[in-house]
Amino acid sequence: MINYNTRLMEQRRSFIKDLLVSTEIDREVNAKGWVRTKRGNKQVAFVALNDGSTIHNIQLVIDLTNFTENQIKEITTGASLSVNGMLVKSMGQGQSVEIQAKEIQVYGTADPETYPLQKKGHTLEFLREIAHLRFRTNTFGAVFRIRHAMAFAIHKYFNDRNFYYLHTPIVTGSDAEGAGEMFRVSTLDIENPPKTEDGKIDFTQDFFGKESNLTVSGQLEAELGATALSNVYTFGPTFRAENSNTPRHLAEFWMIEPEMAFYDIHDNMDLAEDMLKYLIRYSLENCIDDLKFLENRLIEEEKNKPQNEKSEMTLIEKLNLILKDDFVRLTYTEAIEVLKNSTPSKKGKFQFPVEWGIDLQSEHERYLVEKHFKKPVILVDYPKDIKAFYMKQNDDGKTVRAMDILFPGIGEIIGGSQREEIYDKLAARISEMGIPEKDMWWYLETRKYGTVPHSGFGLGFERLILFVTGMANIRDVIPFPRTPKNAEF
RNA sequence: UCCUCAGUAGCUCAGUUGGUUAGAGCACCUGACUGUUAAUCAGGGGGUCGUAGGUUCAAGUCCUACCUGGGGAGCCA
C-alpha cells in the first residue's frame with residue numbers, strides 16, 4: 001500500500017536537464033536516473049547520473065563515511081536510483097553544479113558481470129543486438145530525443161498552416177497502391193485455408209471478406225480527405241514487404257504524406273522545401289546539445305578513416321548549408337543532359353549508361369547532388385512510364401508532374417507529384433496499367449464530383465532523421481527496426 | 001535477391017607457410033590512492049575459435065554448405 005503522507009513529504013523530483021542549468025543552488029533536490037559511471041577512492045565516490053532528459057549527466061558526490069559499504073556496492077553502471085542531496089557549485093572541473101548526496105535509494109541493481117553496456121564505446125552493430133538497452137547510451141539517447149523533436153515539429157508545422165492530421169487506415173483492402181510488395185493480413189488458418197471450387201484460397205471467408213494487407217501508403221485516402229478539408233497530412237507507419245537489405249530501407253517505417261487541394265507541382269515543391277528547412281532549423285534551435293554530441297561522435301569516428309573518405313563538413317555545418325540556399329530545381333530532361341555531359345559519363349565511369357527514359361540509378365543521383373550541384377536537388381517532370389498511374393500528365397504526352405527531392409548522402413528523401421484530376425485521363429491510365437477499376441471506384445469518384453487540381457508528397461521520416469543526426473544506418477534511427485529476417489524485440 | 005568482406009574472451013581485435021598449453025587492450029573482480037572527469041596504478045578470473053560436414057598424423061588457420069552481421073547494387077521513403 002502506498003503511504004500518501006510519506007509521498008507528500010518527499011522532495012519533488014527534478015529533471016537533470018533543469019538542475020544543470022539551475023541558478024538556484026545550495027538547496028535540497030531530488031534526482032532519479034540511471035548510473036553511467038562511478039569512480040573515486042576510499043573516501044569519496046563520483047557517480048555520473050543520467051535520466052534521459054538531456055545528453056548531459058549530473059555528478060553525484062558521495063562521502064563514503066555517510067553510507068554503508070553495501071549501499072555503495074549496489075551503485076554500479078546501469079543501476080537505477082533516487083538521490084536526495086544539496087545542489088552545489090562543483091568543486092571539480094568539468095561541471096558547474098553537482099549533488100552532494102545525503103540519501104540514496106537504489107531501485108534496481110545492474111550486475112556488472114552481466115550488464116552489457118560498458119563505460120567505453122560500443123559499435124552500433126553490437127548495440128543493435130541489444131536494442132532494449134541501447135536507449136541508455138549517449139548516442140541513442142541523442143537520436144531518439146531528436147526523433148521526438150522532429151515528430152513534434154512536423155505536427156507543429158502543419159498545424160500552424162491549416163493542415164489537418166488525417167488517420168488513414170493501416171489495414172487496406174486495396175491492392176492498387178502499387179508502391180511495392182505488401183504484407184498480408186489474415187485470420188485464415190494457414191495450415192488449412194478454405195478453398196473455392198477452382199482451388200484458390202477463399203478470401204470471402206477471411207476476416208474482412210476480401211484480401212487485405214498492411215498499407216504501403218496513405219496517399220490515396222489522404223487525397224479523399226484533401227478534396228474536402230483542403231490541406232491534410234498523414235503521419236503513420238508504413239509497411240513494405242520488399243526484400244531490401246540496405247542501410248536506407250525498413251520493412252516498417254514512418255512516412256509523412258501531406259496532400260493539398262488547389263496546389264500545383266510548383267506549390268508542392270515550395271511546401272516540401274520550406275518544410276524540410278523548417279525541420280532542420282527546428283533541430284538546430286531545439287536539439288543543439290544532442291547535435292553537438294553526434295557531431296563530435298562523427299569526428300571521432302572519422303579520425304581512423306583515410307583522408308579522401310573524410311567529410312568536408314561537420315554535421316552542424318551540413319545542416320546549416322541546407323538552410324542557406326534554395327534547392328536546385330531542374331527537370332528530368334535537364335538532369336539527363338547534365339549527366340550526359342558529365343566527366344564520369346564521358347569516361348564511361350557510370351555502370352548504367354545515361355539515356356532519356358531510364359530510371360535514374362543511385363550513382364546518377366549521387367553525382368547530381370554530391371558532385372555537380374553540392375546541394376539538395378529537386379527533379380521534376382519524369383517520363384510517365386517510370387512513374388505511378390495517379391500522376392498529372394503533362395501536355396507533351398511523355399512526362400508527368402512528379403518530383404523527387406534528393407539529399408546528399410541519403411538519396412531520395414521525398415517523392416511526390418501533382419495528381420491527375422481529370423477523370424478520363426486518370427481512368428485511361430488506370431486501364432493502361434492494368435489496375436482493376438473495381439478496386440478504384442472510390443478514388444475515381446473524387447474526379448467525378450467536384451474535382452480539383454491537387455498535389456502531395458511522401459517524406460520518409462527515418463531518412464529525415466538519418467540526415468539530421470548524421471547516422472549512417474536507418475536501423476539506428478528507429479527504436480526497433482523491422483527488416484528482412486529480423487523482428488526481434 | 002545479387003556482388004563483396006567479416007564472425008576468435010562481455011566488448012574491440014591480433015593469431016605467420018596448417019604444428020606444443022589460443023593472445024592483447026578495454027570491461028569485470030580484488031587491492032592501493034582525500035575531488036574524480038571514458039580517473040590512475042598493481043594483481044586475478046574469464047574461450048564450444050558462428051554452425052554442420054569434409055581434407056589431414058595434426059585445423060582458429062584449408063575446402064563445401066548454411067546462419068548472422070557490415071559495405072555496395074536493385075526495389076523505394
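Lettering follows sequence order; numbering is per chain, from 1.
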Mind pulling the stems RNA chain B is in, i.e. runs of at least three Watson-Crick or G-U pairs, everything under 3.5 Å? B:1-7 with B:67-73, B:10-13 with B:23-26, B:28-32 with B:40-44, B:50-54 with B:62-66

Could you give the distance separating B/A14 and B/A24 at their P atoms, to the nearest angstrom? 16 Å

Roughly how many Å apart are B/A27 and B/U40, using the C1' atom of each and rounding to a whole number? 16 Å

Of B/U36, B/G74, B/C76, the nucleotide closest to the side chain of A/Q361 is B/G74

Over 60° means perpendicular and under 30° means parallel, so tell me whether A/H364 and A/F352 are parallel, tilted or perpendicular. perpendicular

Can you figure out which of B/G10, B/C33, B/G35 approaches the side chain of A/K42 most closely? B/C33

Taking the same atom, C1', in B/U55 and in B/C13, what whole-Å distance lies between them? 29 Å

Starting the side chain at C-beta, find the nucleotide from B/U36, B/U34, B/A73 nearest to A/Q59. B/U36

Taking the C1' atom of each, how far is B/G47 from B/G10, in whole Å? 12 Å

Min side-chain heavy-atom separation A/T399-A/K384 under 4.5 Å: no

A/F253 aromatic ring stacked with six-membered ring of B/A77, 5.5 Å and 30°: yes

Please state the C1' separation for the pair B/C62 and B/U56 - nearest whole angstrom. 10 Å

Considering only side-chain heavy atoms of A/R39, which listed nucleotide, B/U36, B/U34, B/A73, is closest? B/U36

Could you tell me how far B/U64 sits from B/C28 if I compare only their P atoms? Round to whole Å. 42 Å

Please pick, from B/A73, B/A77, B/C28, the nucleotide with the shortest atom-to-atom distance to any side-chain atom of A/P112. B/C28

Would you say the side chain of A/S244 and the base of B/C76 hold a donor-acceptor pair, judged only by whether the two atoms sit under 3.5 Å apart? no

Please report the distance separating the P of B/C29 from the corresponding atom of B/G70, rounded so that it comes out in whole Å. 31 Å

Under 4.0 Å: is that the gap between some side-chain N or O of A/N41 and OP1 or OP2 of B/G35? yes

Below 3.5 Å, does any donor atom in the side chain of A/H122 face an acceptor in the base of B/C11, or the other way round? no

